[in-house]
Chemist: 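Take a look at this one; I'll ask things after.
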Amino acid sequence: MSARLRIPASARAALAAATAAGLIGTGLVLAEPAAAAGDALTAQYRTSASGATADQSEPWLQLTNTGTTTVALNGTTLRYYFKSDGPSVSYRFACSWAVKGCGNITGTFGTLANPTATADRYLEIGFTAGAGSLAPGQSTGDMQLRFYRSDWQTLTQSDDYSFSGTQTSYANWTKVTVQKNGALIWGTAPAGNDPTSSPSPSPSPSGSTSTPPVDPNAPALFDDFAYGSSSDAAIQQHGWTVKSGQGGPGVPGATWSPQDITFVGTGSAAVMNMRLTTDGTAAGTRETEIQTTARKFKNGTYAARVKFNDTPTGGPDGDHVNQTFFTFTPLNAPMDPNYSEQDFEYLPNGGWGEQGNIMYETSWETYNPDPWNAVNAHGEQRQSYDGWHDLLLTVDNSAITYWIDGQVVATHGEPYLPETPQWIDFNHWLIDLNGQTSSTSRSYNEQVDWVYFVKDQVLTPAQVASKVTGYRSAGTTFTDTVPGS
């Protein structure tokens with residue numbers, strides 16, 4: 001569908017008023033509308049869920065600057081219009097992946113003043129200041145967005161104004177509108193519903209302008225992993241369990257090997273090394289995992305400094321290894337409503353259908369293992385994370401926010417917030433035997449410098465770094481004041 005030239009509503013109104021007052025041609029300069037004269041943005045759309053009904057609607061969007069001036073994305077919004085499944089049905093928004101970073105993208109829902117046969121609601125996409133700007137000719141790239149019913153019932157999208165099941169590759173789409181500071185600069189809204197104002201977006205952690213103070217007396221866990229070996233009695237005394245034997249996740253028949261968790265250095269120089277070794281067979285695969293013994297962690301800030309490795313220490317590369325830092329509760333039954341999990345999972349060689357480096361941040365509400373049915377949301381970054389990285393996730397009563405090296409990479413809200421206390425866990429395991437079939441033994445390392453948790457406090461990366469520095473300056477290698485659940 002081709003775009004038709006539009007004069008923004010605010011400009012049309014100003015022009016009419018000026019004409020009526022006899023000002024045109026007098027040399028007076030009209031005030032610039034909310035969108036600058038050189039601004040020109042076009043929206044491209046495709047969908048990855050093309051059915052008339054779906055578990056979730058997946059409008060993937062990108063925005064291109066076709067004008068002559070650089071345009072800041074903050075203050076720019078897009079609207080995707082749809083027909084709700086009923087007046088009492090509510091919806092939730094999620095960003096699966098975006099070139100600009102999901103942490104820099106907001107999604108809010110609004111109700112149209114003049115409902116039509118194909119639209120009575122809209123999803124408005126906005127940007128934080130962290131999204132930056134678009135120079136002439138530049139695009140935001142992929143914004144892989146989705147929304148779904150809060151009750152997770154199947155939704156109908158064939159009657160949605162902005163939807164097209166045949167639009168499976170990006171093209172200009174005038175049924176998505178673009179606004180700059182409230183002025184319509186692209187697209188055609190449903191009749192009688194030209195955008196005039198935006199709903200108030202949910203606060204974005206990356207857009208926050210104030211830093212809440214840290215309660216120095218808040219219960220906290222800090223461990224510098226200054227142990228002698230995996231059999232060191234202090235590990236158990238400090239509330240850790242080292243996994244042994246067999247069992248999931250990963251390749252059936254693989255063994256969890258406590259001896260492959262080792263410690264190098266002392267005090268603040270201590271590092272825990274978690275080795276995964278395989279010869280391409282289940283019997284020849286040894287994995288590692290360490291988990292808190294107590295389930296007592298829920299709302300608060302979780303952080304760890306972790307070194308990921310893309311390649312083995314020797315032998316052929318390519319195994320589908322999974323290097324993690326996460327927190328979770330047990331699944332006591334299929335679709336257990338009290339299950340929860342928040343994951344950092346790095347796959348240096350891909351896996352689960354991915355062919356290369358990928359990092360996932362996944363928030364789980366629940367799942368059914370057989371037949372498989374997952375209720376989760378995730379962020380993803382297709383890049384190498386070889387080396388040391390600061391991982392941080394915060395959980396409060398409104399959001400789970402994931403940070404890598406000081407940058408927000410994913411934010412998830414309800415229904416993914418944890419309902420019950422959780423464990424903290426690190427594990428290093430093999431997803432399957434399909435990545436590398438060689439029988440030559442090879443080993444991969446995941447290392448952990450420290451782990452930190454503070455209860456009921458949402459800290460910034462800088463605040464976490466300050467706390468860790470304080471522990472190390474005081475010579476504290478371990479403390480745990482978090483009460484049992």
Side-chain angles (χ1 to χ4, degrees), residues 44 46-50 56 58 60-62 94-103 139-146 168-170 248-252 254 274-282 284-285 287-288 306-326 341 343-364 367 372 374 376-389 391 402 404-405 407 409-410 427-447:
Q44 291 79 44
R46 59 162 292 196
T47 185
S48 56
S50 58
Q56 54 190 358
E58 299 184 19
W60 291 13
L61 303 172
Q62 63 181 16
C95 172
S96 295
W97 184 79
V99 173
K100 289 291 185 180
C102 283
S139 166
T140 59
D142 255 347
M143 293 185 287
Q144 297 180 9
L145 313 176
R146 55 195 173 92
T168 56
S169 59
Y170 278 118
V251 177
M274 304 175 65
R275 174 166 291 188
L276 180 151
T277 299
T278 186
D279 62 3
T281 69
T285 298
E287 305 166 318
T288 45
V306 178
K307 185 178 183 181
F308 300 112
N309 279 278
D310 284 355
T311 57
T313 57
D317 193 7
D319 296 285
H320 291 160
V321 301
N322 193 331
Q323 303 171 359
T324 76
F325 166 47
F326 65 106
E341 186 171 338
D343 301 333
F344 284 100
E345 293 183 295
Y346 180 53
L347 283 55
N349 294 316
W352 293 324
E354 294 291 334
Q355 301 303 310
N357 313 111
I358 188 166
M359 173 74 83
Y360 287 109
E361 305 84 29
T362 309
S363 300
W364 293 78
Y367 71 96
W372 180 253
N376 61 28
H378 76 275
E380 59 188 45
Q381 297 80 45
R382 289 180 171 86
Q383 65 183 71
S384 171
Y385 280 94
D386 188 75
W388 285 104
H389 297 280
L391 310 180
Y402 297 83
I404 299 179
D405 298 331
Q407 298 295 316
V409 291
N427 65 11
H428 191 186
W429 52 283
L430 190 63
I431 294 173
D432 56 42
L433 299 173
N434 300 325
Q436 173 58 257
T437 59
S438 170
S439 61
T440 300
S441 182
R442 57 270 187 191
S443 297
Y444 299 80
N445 292 324
E446 175 187 359
Q447 296 180 312

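As the structure is a computational prediction, the values presented were derived from the model and not from experiment.
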Chemist: When you compare the side chain of Pro348 with that of Val321, does any pair of heavy atoms fall below 4.5 Å?
Modeler: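 Yes, their side chains come closer than 4.5 Å.
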
Chemist: Taking CD in Glu354 as the centre, count heavy atoms belonging to other residues, nucleotides or ligands within less than 6.0 Å. Is the count above 12?
Modeler: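 Enclosed.
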
Chemist: Is a side-chain donor or acceptor of Glu345 paired with a backbone partner of Asn322 at a separation under 3.5 angstrom?
Modeler: no

Chemist: What pairs meet the salt bridge (charged side-chain N to carboxylate O under 4.0 Å, His left out) rule with one or both residues in residues 430-441, with sequence neighbours excluded?
Modeler: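 For residues 430-441: none.
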
Chemist: Hey, what do you get for CG (Leu145) to OG (Ser96), rounding to the nearest 0.5 Å?
Modeler: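 One finds 8.0 Å between CG of Leu145 and OG of Ser96.
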
Chemist: Which residues satisfy the salt bridge (charged side-chain N to carboxylate O under 4.0 Å, His left out) test with Arg442, sequence neighbours excluded?
Modeler: Asp319

Chemist: State which residues pass ring pair (Phe, Tyr, Trp, His ring centres under 6.0 Å) with Tyr402; sequence neighbours excluded, sorted by chain then number.
Modeler: Phe344, His412

Chemist: Show the numbers, then the answer: is there a side-chain contact (heavy atoms from CB on, under 4.5 Å) between Thr277 and Ser441?
Modeler: CA-CA 7 Å; Thr277 299; Ser441 182; 3.5 Å; yes

Chemist: Using side-chain contact (heavy atoms from CB on, under 4.5 Å), reason through Trp388 and Gln447 one step at a time and then give a plain yes or no.
Modeler: CA-CA 9 Å; Trp388 285 104; Gln447 296 180 312; 4.0 Å; yes

Chemist: Do Tyr360 and Asp343 have side chains that approach each other closer than 4.5 Å (heavy atoms only, starting at C-beta)?
Modeler: no

Chemist: Between Arg146 and Ala377, which heavy-atom pair has the shortest distance, and what is it?
Modeler: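 For Arg146 and Ala377, the tightest heavy-atom pair comes out as NH2-CA, 3.1 Å.
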
Chemist: Please round to the nearest 0.5 Å and tell me the distance separating atom CG of Asn349 and atom OG1 of Thr311.
Modeler: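 Spacing of CG (Asn349) from OG1 (Thr311) equals 8.5 Å.
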
Chemist: Taking it one step at a time, do Glu361 and Gln381 satisfy side chain to side chain donor-acceptor pair (under 3.5 Å)?
Modeler: CA-CA 9 Å; Glu361 305 84 29; Gln381 297 80 45; 3.1 Å; yes

Chemist: When rounded to the nearest 0.5 angstrom, what distance separates CG in Asp279 from OG in Ser438?
Modeler: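 Between atom CG of Asp279 and atom OG of Ser438 there are 8.5 Å.
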
Chemist: Passes side chain to side chain donor-acceptor pair (under 3.5 Å), Asp386 versus Tyr346? Steps please.
Modeler: CA-CA 10 Å; Asp386 188 75; Tyr346 180 53; over 6 Å; no

Chemist: If you count every heavy atom of other residues, nucleotides or ligands that lies below 6.0 Å from Gln383 atom CD, does the total exceed 12?
Modeler: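 Atom CD in Gln383 is packed in, count exceeds 12.
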
Chemist: For Ser139, what residues pass the side-chain contact (heavy atoms from CB on, under 4.5 Å) criterion, not counting sequence neighbours?
Modeler: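 Scan of Ser139 (side-chain contact (heavy atoms from CB on, under 4.5 Å), adjacent residues dropped) gives Gln62, Thr64.
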
Chemist: Return the OG1 to CD distance between Thr288 and Glu446, rounded to the nearest 0.5 Å.
Modeler: 7.5 Å

Chemist: About how many Å separate CG of Leu433 and OG1 of Thr278, when rounded to the nearest 0.5 Å?
Modeler: 6.0 Å

Chemist: Quick one: does Glu287's side chain have a donor or acceptor within less than 3.5 Å of a partner on Leu430's backbone?
Modeler: yes

Chemist: Using the side chain to side chain donor-acceptor pair (under 3.5 Å) criterion, which residues pair with Trp60? Sequence neighbours excluded.
Modeler: Ser48

Chemist: Can you list everything that forms a salt bridge (charged side-chain N to carboxylate O under 4.0 Å, His left out) with Glu380? Sequence neighbours excluded, please.
Modeler: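 Applying salt bridge (charged side-chain N to carboxylate O under 4.0 Å, His left out) to Glu380 gives Arg382.
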
Chemist: Got Asn309 and Lys307 here, is their nearest side-chain heavy-atom distance under 4.5 Å?
Modeler: yes

Chemist: Among side-chain atoms of Asp317 and Tyr444, is any donor-acceptor pair under 3.5 angstrom?
Modeler: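 Yes, because at least one side-chain N or O of Asp317 sits under 3.5 Å from a partner of the opposite role on Tyr444.
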
Chemist: Could you grab the distance from atom CG of Asn376 to atom OH of Tyr367, nearest 0.5 Å is fine?
Modeler: 11.0 Å

Chemist: Looking only at the side chains, is there a donor atom on one of Ser384 and Asn357 sitting less than 3.5 Å from an acceptor on the other?
Modeler: no

Chemist: Can you give me the closest heavy-atom contact between Ala410 and Gly379, atom names plus distance?
Modeler: CB-CA, 4.1 Å

Chemist: For a 4.5 angstrom cut-off between non-hydrogen side-chain atoms, does Trp429 reach Thr285?
Modeler: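 Side-chain contact under 4.5 Å: no.
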
Chemist: Please check if the side chain of Thr324 supplies one atom and the backbone of Asn427 the other of a donor-acceptor pair under 3.5 Å.
Modeler: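 Yes.
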
Chemist: Could you check whether Tyr385 and Phe308 have their ring centres less than 6.0 Å apart?
Modeler: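 No, they do not, as the ring centres are separated by 6.0 Å or more.
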
Chemist: Using side chain to side chain donor-acceptor pair (under 3.5 Å) as the criterion, point out the one residue from His428, Gln323, Arg275 that pairs with Asn445.
Modeler: Arg275

